[in-house]
Amino acid sequence: QVQLVESGGGLVQAGGSLRLSCAASGRTFSSYVMGWFRQAPGKEREFVAACSWSGGSTLAADSVKGRFTISRDNAKNTVYLQMNSLKPEDTAVYYCAAGKLYSRSSERYDYWGQGTQVTVSS
């Protein structure tokens with residue numbers, strides 16, 4: 001069982017930056033792939049970024065490539081999402097997730113946080 005708690009969301013102007021954090025419980029954090037997903041009002045949940053077990057490999061959605069960076073610190077049981085050059089269309093609830101398979105598909109992730117709201121004003 002893994003419990004995930006996101007933090008770092010908030011309101012920011014377009015062009016600004018935020019860093020989301022996701023703290024995981026348990027002693028097996030490094031055995032999980034970590035991902036970030038987001039869901040905007042009226043839209044389906046979509047993949048944002050994923051990080052392999054060691055952090056040596058990452059995936060990112062085309063919409064955030066070059067702006068968002070996922071990273072993890074296994075010693076702190078924490079995964080991060082650094083978001084730069086934010087746009088109004090990045091407004092969504094952001095969720096972190098843990099799974100055993102390195103994937104862009106939300107179906108591959110077994111544990112989810114409660115989400116943190118990110119709002120980007122124009």
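What's counted below: heavy atoms across the whole structure, side chains too, no hydrogens, waters or symmetry copies.
Of the possible donor and acceptor atoms, none in the side chain of Thr119 sits under 3.5 Å from a partner among the backbone N and O of Leu11. Ser63 contributes no side-chain N or O that, together with a main-chain N or O of Ala61, makes up a donor-acceptor pair within less than 3.5 Å. A side-chain donor-acceptor contact under 3.5 Å links Thr91 to the backbone of Val120. Formation of a donor-acceptor pair under 3.5 Å by the Gln39 side chain with backbone atoms of Val93 is not found in this model. At least one donor-acceptor pair closer than 3.5 Å links the side chain of Glu6 to the backbone N or O of Cys96.
Counting heavy atoms from C-beta outward, Arg72 and Ser54 have side chains that stay 4.5 Å or more apart. Arg67 is not listed as a side-chain neighbour of Met83, based on a closest heavy-atom distance of 4.5 Å or more. Within the 4.5 Å cutoff, no side-chain heavy atoms of Val118 are placed close to those of Asp90. Put simply, the side chain of Gln1 reaches to within 4.5 Å of the side chain of Tyr111, judged on heavy atoms.
Nearest heavy-atom pair, Gly56 versus Ser52, reported as atom, atom and distance to 0.1 Å: N-OG, 3.4 Å. Ala24 and Leu4 get closest at one heavy-atom pair: CB-CD2, 3.6 Å. The minimum heavy-atom distance linking Ala50 with Tyr109 is given by the pair CB-OH, 3.5 Å. Between Cys22 and Met34 the shortest heavy-atom distance is SG-CE, 4.5 Å.
Residues passing the ring pair (Phe, Tyr, Trp, His ring centres under 6.0 Å) test with Tyr80: none are found, sequence neighbours excluded. Partners of Phe29 by ring pair (Phe, Tyr, Trp, His ring centres under 6.0 Å), not counting sequence neighbours: none found.
Remark: Arg38 fails to qualify as a cation-pi partner of Tyr95 under the 6.0 Å distance and 45° angle criteria applied to the six-membered ring.
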task: Please step through ring-ring contact (aromatic ring centres under 6.0 Å, His included) for the pair Phe37 and Trp112, ending with a clear verdict.
output: CA-CA 10 Å; Phe37 292 78; Trp112 293 82; 5.0 Å; yes

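In this structure, the separation between OG on Ser106 and CZ on Arg45 is 7.0 Å, given to the nearest 0.5 Å. In this structure, CG on Asn74 lies 8.0 Å from SG on Cys51, to the nearest 0.5 angstrom. In this structure, OG in Ser17 is found 6.0 Å from CG in Leu86, a value given to the nearest 0.5 Å. Note that the OG1 atom of Thr116 and the CG atom of Leu81 stand 11.0 Å from one another [nearest 0.5 Å].
Phe68 and Leu18 fall within a single hydrophobic cluster, where Ile, Leu, Val, Met, Phe, Trp and Tyr are joined by side-chain heavy atoms under 4.5 Å apart, directly or via other members. With hydrophobic clusters built from ILVMFWY side chains whose heavy atoms lie under 4.5 angstrom apart, Phe47 does not share a cluster with Ile70. Cluster annotation: Trp36 and Tyr102 are assigned to distinct hydrophobic clusters (Ile/Leu/Val/Met/Phe/Trp/Tyr, side-chain heavy-atom contacts under 4.5 Å, transitive). Placement of Leu20 and Val2 within a single hydrophobic cluster is found when ILVMFWY residues are connected by side-chain heavy-atom separations under 4.5 Å, directly or transitively.
Its side chain outside the 4.5 Å cluster rule for every partner, Val5 clusters with none of the Ile, Leu, Val, Met, Phe, Trp and Tyr residues.
Heavy atoms of other residues, nucleotides or ligands lying less than 6.0 angstrom from CD of Gln3 number 12 at most. Summarising the local packing, NZ of Lys100 is surrounded by more than 12 heavy atoms from other residues, nucleotides or ligands at distances under 6.0 Å.
When only modelled atom types and interatomic distance are considered, Ser122 and Lys87 share no side-chain donor-acceptor pair under 3.5 Å.
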